[in-house]
Amino acid sequence: MGATNQTGRTYNQNHVPRPYTPGRRRFSIYWTWSYPWEANRDPTDLDNRFSTMTEVRRVAWPSFEGAEWDKMNFLQGIAGTLELFHRSTLAFQQIVGETTDHPVAVYQRIDQAGYKLPIDERVLADTDTLMVFGLDHLVSEQEAEQGEIDAIREWLDREGTCLLLAPHHDVGFTSDMQQRQMEYKHHGDELVPRQQRFGQYTRSLMKGLEVPVLNQFGLRPAVVQGTDQIAPLSINQDLDTLGLLNGVATFNFHLHLPHYALTTEDPKSIHVLARQPIDLSRPHPFTAAGNREFNSFIWMPPTGTRGGDILLADSTIFTTLFGGTESLEHFWRNMAKLR
């Protein structure tokens, strides 16, 4: 699932607005982090930071030992790892761009050059599907401002809009060191610290928009026995009236995916469209409580004055940093062709 760039790369330029085209959705990705805050974290801190590129190279050796990844050609600190996330959405951007005839716009809350961009008319005016990738650490204190919540609420009143919220995992939220170690052993990713809590911005946005969901844990998906292929999703086909999961059997494998816990018992306002089986060979408090699957894809249909849809799915489902499948491409195209 590689992406070939046919034009020169641009940076430090204002976005060129995309004209409305009937039946052709305009996608925008919004990374919720402060790039400088994340990149400037002290590498000697054990918790709540991204890995440096040097750490990635050490753990993933020899995957990043080509000349294109050395210090002459690629950032070796935390900034290098953040750039891996940017690069990993290129295949998604290409497929959606080919399907919609519109380029996918990519924004950051605070970018490499220190420019802050809250979600306002500059982002929303030419966007039909807004994807909010919640990879800001809680300790960075990124909060949705009331003006952003109001702007998104007004935007969602427009029929045909779609807001995808993607808060990432919340690993090691407890002060119990033994539980933190159990969680670490469960997901098995040497690059994730014993505590790595994500999604303050998306959490504040969900609170403001009354989205009854909380991202919890970082759970390792089950695989098909005897293989390294992720186990199929448990899909509620009867609830998937939008057809978002048509032709989709699996998402991509990622070692630590969040459980999107529902904080309401109203079955009409929110629907769990897909659940992911968990690797039960590795103990975890969530499975010890009797759970065998976690909520991985959620839909809130239009209601009241809200004419747009709200979806929840992890940001790694839209990247190739952790692999990719034909099933995943079906999902991306279904998203692009949403009514």
#### Entry: Pair R153-D150, salt bridge (charged side-chain N to carboxylate O under 4.0 Å, His left out): steps then yes or no
CA-CA 5 Å; R153 191 185 298 276; D150 293 342; 5.0 Å; no

### Task
Determine, step by step, whether F331 and F297 satisfy the ring-ring contact (aromatic ring centres under 6.0 Å, His included) criterion, reporting the C-alpha distance in whole Å, the side-chain angles of both residues, the deciding distance to 0.1 Å, and the verdict.
CA-CA 11 Å; F331 179 59; F297 187 39; 5.2 Å; yes

### Message
Assess the residue pair R333 and E329 against the criterion (salt bridge (charged side-chain N to carboxylate O under 4.0 Å, His left out)); give the C-alpha distance rounded to whole Å, side-chain angles, the decisive distance to 0.1 Å, and a yes or no.
### Response
CA-CA 6 Å; R333 289 190 171 91; E329 290 190 13; 3.4 Å; yes

### Task
Report the C-alpha separation of K116 and E145 in whole Å, then their side-chain angles, then the decisive distance to 0.1 Å, and conclude whether the salt bridge (charged side-chain N to carboxylate O under 4.0 Å, His left out) test is met.
CA-CA 13 Å; K116 182 175 181 178; E145 301 166 2; 3.4 Å; yes

### Message
Checking E55 against L191 for the side chain to side chain contact (heavy atoms under 4.5 Å, CB included) test, could you report, in this order, the C-alpha distance in whole Å, the side-chain angles of both residues, the deciding distance, and whether it holds?
### Response
CA-CA 7 Å; E55 291 167 326; L191 289 170; 4.0 Å; yes

### Verdict with supporting geometry, L82 and E38, side chain to side chain contact (heavy atoms under 4.5 Å, CB included)
CA-CA 8 Å; L82 300 185; E38 302 289 354; 4.0 Å; yes

### Query
Step by step, would you call R203 with D170 a salt bridge (charged side-chain N to carboxylate O under 4.0 Å, His left out)?
CA-CA 11 Å; R203 284 183 172 185; D170 186 5; 2.8 Å; yes

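The residue from R158, R25, H102, R24 that alone fulfils the side chain to side chain donor-acceptor pair (under 3.5 Å) condition with D128 is R158. Of the candidates H137, Q195, R194, R41, Q195 is the only one forming a side chain to side chain donor-acceptor pair (under 3.5 Å) with N48. Residue F198 is tested with F133, W33, F50 for a ring-ring contact (aromatic ring centres under 6.0 Å, His included); the sole match is F50. Applying the ring-ring contact (aromatic ring centres under 6.0 Å, His included) test between H186 and each of H256, H284, H169 identifies H284 as the sole match. F318 pairs with exactly one of W31, F251, F92 by the ring-ring contact (aromatic ring centres under 6.0 Å, His included) rule, that one being F92.
A donor-acceptor contact shorter than 3.5 Å is absent between the side chain of T250 and the backbone of P232. Of the possible donor and acceptor atoms, none in the side chain of D309 sits under 3.5 Å from a partner among the backbone N and O of C162.
I152 places a side-chain heavy atom less than 4.5 Å from the side chain of I119. Contact check for R18 versus S28: side-chain heavy atoms found under the 4.5 Å cut-off. The side-chain heavy atoms of W155 and T127, taken from C-beta on, include a pair separated by under 4.5 Å. Proximity of R109 to L117: side-chain heavy atoms (C-beta onward) are nowhere separated by under 4.5 Å. In this structure the side chain of T174 reaches within 4.5 angstrom of the side chain of R180, judged on heavy atoms.
Applying the side-chain hydrogen bond (donor to acceptor under 3.5 Å, both in side chains) definition to pairs two or more places apart or across chains, those involving residues 224-244 are S234-E293. Annotation: side-chain hydrogen bond (donor to acceptor under 3.5 Å, both in side chains) contacts involving residues 61-80, sequence neighbours excluded, comprise R57-E65, R57-Q76, D70-N73.
Within a 6.0 Å radius of CD in E159, no more than 12 heavy atoms belonging to other residues, nucleotides or ligands are found. The number of heavy atoms from other shown groups lying within 6.0 Å of CD (E265) does not exceed 12.
In this model, a donor atom of one side chain and an acceptor atom of the other lie less than 3.5 Å apart for E143 and Q200. At a cut-off of 3.5 Å, with distance as the only test, a side-chain donor of D126 or H15 sits close to an acceptor on the other residue. A donor-acceptor contact closer than 3.5 angstrom is absent between the side chains of T264 and D266.
Here Y260 pairs with nothing under the ring-ring contact (aromatic ring centres under 6.0 Å, His included) rule; sequence neighbours left out.
Nearest heavy atoms, Q142 versus S34: NE2-CB, 3.7 Å.
The distance between the ring centers of Y30 and Y107 does not fall below 6.0 angstrom. Taking the six-membered ring for Trp and the full ring otherwise, F74 and F64 have centroids separated by 6.0 Å or more.
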